[in-house]
A.B. asks: 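Here you go, one structure.
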Amino acid sequence: MPTNFIQELKWRGMIHDIMPGTEEALLKESVGGYIGFDPTADSLHIGSLVQIMTLVHFQKAGHKPYALVGGATGMVGDPSGKSQERNLLDETTLKHNVECVKLQLEKFLDFKGENAAEMVNNIDWFCNLSFLEFIRDVGKHISVNYMMAKDSVKSRLETGLSFTEFSYQLVQGYDFYYLNKHKRCIVQLGGSDQWGNIVTGTELIRRKGGGEAYAVTTPLIKKADGTKFGKTEGGNVWLDAKKTSPYQFYQYWLNTSDDDAANFIRIFTLKTKKEIEALEKEHAEAPHLRVLQKVLAEDITVRVHNNEALKTAISASNILFGKSTADDLKALSEEDFFSVFEGVPQARISQAEFGKGMSIVEAMAGKTNFLASNSEARRELIANAISVNKEKVDEQFVISTENLINGKYILLGKGKKNNYILIIEG
RNA sequence: GGGGAGAUACUCAAGCGGCCAACGAGGGCAGACUGUAAAUCUGCUGGUUACACCUUCGCAGGUUCGAAUCCUGCUCUCCCCA
């Protein structure tokens, strides 16, 4: 007997829109449900984490989750939320992306047991479907008028969209139909921008076979300060450790504002209502300890990466933001040093170039490009923002061999949050 | 087709012959405070071999001792009338 999936999402604030009858249908018996992931890059980013969590909850409620990687839909391009026609990815890149995304998704779901998760790729049912078959069997059931009424299409009529993007909703709709017919998939989940596409699917299922089909969408995640969720100056926050190091990943969550932390912990962790309320109380009593942010960051980092990565991220954070000194830095073994500072920008300079020493300005800008120009380095030095091995320095400072840790590397810093490692190669 | 307005640094927006590397606001960065927060206060926000020099105010020329500011042409944008 399944538990109440919809109520679970509701108290977590994860429901934007829901089709009438969905809750009842999901309570009757264990069924299948799916979410599609776009292979637009070779890694998912934390925006997709909402969708992943929805699938996780779906499975926990006793249903069978299907994670669909859009090998076929990726070839078409979803116009939803896009103001311009997209460029198509070539097939090789697409294949590569599909494989990468698949591997990432596999981490989160349980592929064993009665309601084991399943990975599907829509290229498998599209590759043998001919164009004529498609427009006869699928296109015949959905009117152009209906398709044009969708926001994703309507908002593009002024600027234009290709037939390819226009057809997208039919392609995605067919996915739903296919999974509904072959895998007993009765609900499609997704972000709120997917509502239109999902509904085309339920419509197709009803018209083509009279089957039952439902839809649930999650809200777009917003931050209280109005900036985009999941973005930093450096770009997206990725799930791939090669693109966003576990340290940066951990830091992103740790820096969640008080206003957002309570929402995020509901959405991105599996903590129960009781646990979360207790944490909120604790946080309210001692806000400076930032219990919510810490639990949030730890929980997600462990699930996306692993325990080991979390440990390193925490120790890196303690060293960079805690009370540690130059001596603590020097006490780290070389291996620890580099694993702690993985993901921190690095530059290498030859022994010859370093010579007996190097001015701090050259080390920050001229020779390394950590900062855009020597002028900027000077400005920051005057503002007392630059540190060498955690100690503030002034413009006169010259880095000498004595400052090098283990004789070969050194930690430079600008302000509280920017660190750079300079390595002298022998 | 006719008439008018405009194009200034990341964005908005002053300046209309020398005092302009260019007011101000936003954004960004940093300092203080703090909780690696918010709010607040302060400084910075073209480059360099730095009390000077160099490159910048749509593009290309010109006038002048000297122009972002004046003239000519070009490109683009907006508005009004038909």
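Residue numbers begin at 1 in each chain, while the letters A, B, ... track the order of the sequences.
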A.B. asks: What integer number of Å spans the C1' atoms of B:rC12 and B:rG28?
C.D. replies: 15 Å

A.B. asks: Between A:Y252 and A:N255, is any side-chain donor less than 3.5 angstrom from a side-chain acceptor?
C.D. replies: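 Their side chains do not contain a donor-acceptor pair, so the 3.5 Å distance test is not met.
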
A.B. asks: If I pick the P atom on B:rG26 and the same atom on B:rC41, what distance separates them, to the nearest angstrom?
C.D. replies: 11 Å

A.B. asks: When the C1' atoms of B:rU56 and B:rC51 are considered, how many whole Å apart are they?
C.D. replies: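 It works out to 22 Å between them.
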
A.B. asks: Check this for me: does any side-chain nitrogen of one of A:R12 and A:E8 sit under 4.0 Å from a carboxylate oxygen of the other?
C.D. replies: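 Salt bridge between A:R12 and A:E8, a charged N being under 4.0 Å from a carboxylate O: yes.
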
A.B. asks: Taking B:rA39 as the reference, what is the distance to B:rG58 when you measure between their P atoms (whole Å, please)?
C.D. replies: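 The answer is 36 Å between these two P atoms.
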
A.B. asks: Wobble G-U and Watson-Crick pairs count when both distances are under 3.5 Å; given that, what is the 5' to 3' dot-bracket string of RNA chain B, with | for pairing to other strands?
C.D. replies: ((((((((.[[[..)..(.....]]]((((((.......))))))(((...)))...[[[[[..)....]]]]]))))))).

A.B. asks: May I have the distance from A:L381 (atom CG) to B:rG31 (atom P), rounded to whole angstrom?
C.D. replies: 12 Å

A.B. asks: Find the distance A:L371:CG to B:rA30:C1' and express it as a whole number of Å.
C.D. replies: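 After rounding, the gap between these two atoms is 11 Å.
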
A.B. asks: Roughly, in whole Å, what's the span from CD in A:E362 to P in B:rA50?
C.D. replies: 13 Å

A.B. asks: At a cut-off of 3.5 Å, list every protein nitrogen or oxygen paired with a nitrogen or oxygen from nucleotides 24-26 of chain B, distance to 0.1 Å.
C.D. replies:
none

A.B. asks: Let me know the distance between CD1 of A:I386 and C1' of B:rC29, rounded to the nearest Å.
C.D. replies: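 Checked: the CD1 to C1' distance equals 11 Å.
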
A.B. asks: List in chain and number order the residues that pass side chain to side chain donor-acceptor pair (under 3.5 Å) with A:R303, two or more places apart in sequence or in another chain; answer none if no residue qualifies.
C.D. replies: A:D299

A.B. asks: Which residues pass the ring pair (Phe, Tyr, Trp, His ring centres under 6.0 Å) test with A:H283, sequence neighbours left out?
C.D. replies: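 None.
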
A.B. asks: Using the salt bridge (charged side-chain N to carboxylate O under 4.0 Å, His left out) criterion, which residues pair with A:K64? Sequence neighbours excluded.
C.D. replies: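 For A:K64, the residues satisfying salt bridge (charged side-chain N to carboxylate O under 4.0 Å, His left out) (neighbours in sequence not counted) are A:E118.
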
A.B. asks: Could you work out, with salt bridge (charged side-chain N to carboxylate O under 4.0 Å, His left out) as the rule, every residue matching A:K414, not counting sequence neighbours?
C.D. replies: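 Salt bridge (charged side-chain N to carboxylate O under 4.0 Å, His left out) list for A:K414, sorted by chain: empty.
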
A.B. asks: Taking atom C1' in both B:rU8 and B:rC76, what distance in whole Å separates the two?
C.D. replies: 16 Å

A.B. asks: For A:N115, enumerate each residue passing the side chain to side chain donor-acceptor pair (under 3.5 Å) test, keeping only those at least two apart in sequence or located in another chain.
C.D. replies: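 Checked A:N115 against side chain to side chain donor-acceptor pair (under 3.5 Å); zero matches.
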
A.B. asks: Could you tell me which residues satisfy side chain to side chain donor-acceptor pair (under 3.5 Å) with A:N97, sequence neighbours excluded, listed by chain and number?
C.D. replies: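 Not a single residue meets the side chain to side chain donor-acceptor pair (under 3.5 Å) criterion with A:N97.
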
A.B. asks: State, without any angle test, whether A:N122 and A:T73 hold a side-chain donor-acceptor pair at a distance under 3.5 Å.
C.D. replies: yes

A.B. asks: Between A:Q188 and A:Q194, do the side chains contain a donor N or O and an acceptor N or O under 3.5 Å apart?
C.D. replies: no

A.B. asks: What is the glycosidic conformation of B:rC51: syn, defined as within 90° of 0, or anti?
C.D. replies: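 This nucleotide is in syn.
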
A.B. asks: With A:E91, which residues qualify under salt bridge (charged side-chain N to carboxylate O under 4.0 Å, His left out), at least two apart?
C.D. replies: none

A.B. asks: If we take the C1' atom in both B:rU69 and B:rC44, what is their distance in whole Å?
C.D. replies: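 Straight-line distance between the two C1' atoms is 28 Å.
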
A.B. asks: Distance between the P atoms of B:rC10 and B:rG6, in whole angstroms?
C.D. replies: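 So the two P atoms sit 24 Å from each other.
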
A.B. asks: Strictly by modelled atom types, are A:T200 and A:N197 linked by a side-chain donor-acceptor pair under 3.5 Å?
C.D. replies: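 Not at all, the side chains of A:T200 and A:N197 share no donor-acceptor pair under 3.5 Å.
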
A.B. asks: Verify the distance criterion only: is there a donor paired with an acceptor across the side chains of A:Q104 and A:S43 at less than 3.5 Å?
C.D. replies: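 Yes, A:S43 and A:Q104 have a side-chain donor paired with an acceptor closer than 3.5 Å.
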
A.B. asks: Which protein N or O atoms sit under 3.5 Å from an N or O of nucleotides 46-48 of chain B?
C.D. replies:
| from | atom 1 | to | atom 2 | distance (Å) |
| --- | --- | --- | --- | --- |
| B:rG47 | OP1 | A:S373 | OG | 3.1 |
| B:rG47 | OP2 | A:R379 | NH1 | 3.3 |
| B:rU48 | OP1 | A:N374 | N | 3.3 |
| B:rU48 | OP2 | A:S375 | N | 3.0 |
| B:rU48 | OP2 | A:S375 | OG | 2.3 |

A.B. asks: Taking the same atom, P, in B:rC23 and in B:rC16, what whole-Å distance lies between them?
C.D. replies: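 Comparing P positions in B:rC23 and B:rC16 gives a spacing of 14 Å.
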
A.B. asks: Please write out each protein N/O paired with an N/O of nucleotides 32-36 of chain B under 3.5 Å, distance rounded to 0.1 Å.
C.D. replies:
| from | atom 1 | to | atom 2 | distance (Å) |
| --- | --- | --- | --- | --- |
| B:rU34 | O4 | A:K416 | NZ | 2.5 |
| B:rG35 | O4' | A:H288 | O | 3.3 |
| B:rG35 | O6 | A:D258 | OD2 | 3.2 |
| B:rG35 | N1 | A:D258 | OD1 | 3.2 |
| B:rG35 | N1 | A:D258 | OD2 | 2.8 |
| B:rG35 | N2 | A:D258 | OD1 | 2.7 |
| B:rG35 | N2 | A:Q293 | NE2 | 3.4 |
| B:rU36 | O2' | A:N255 | OD1 | 3.2 |
| B:rU36 | O2 | A:Q251 | OE1 | 3.2 |
| B:rU36 | N3 | A:Q251 | OE1 | 3.0 |
| B:rU36 | N3 | A:Q251 | NE2 | 3.2 |
| B:rU36 | O4 | A:Q251 | NE2 | 3.1 |

A.B. asks: Scan residues 360-371 of chain A for pairs that pass side-chain hydrogen bond (donor to acceptor under 3.5 Å, both in side chains), counting only residues two or more places apart or in two chains.
C.D. replies: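 Sorted pair list: A:E353-A:K367.
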
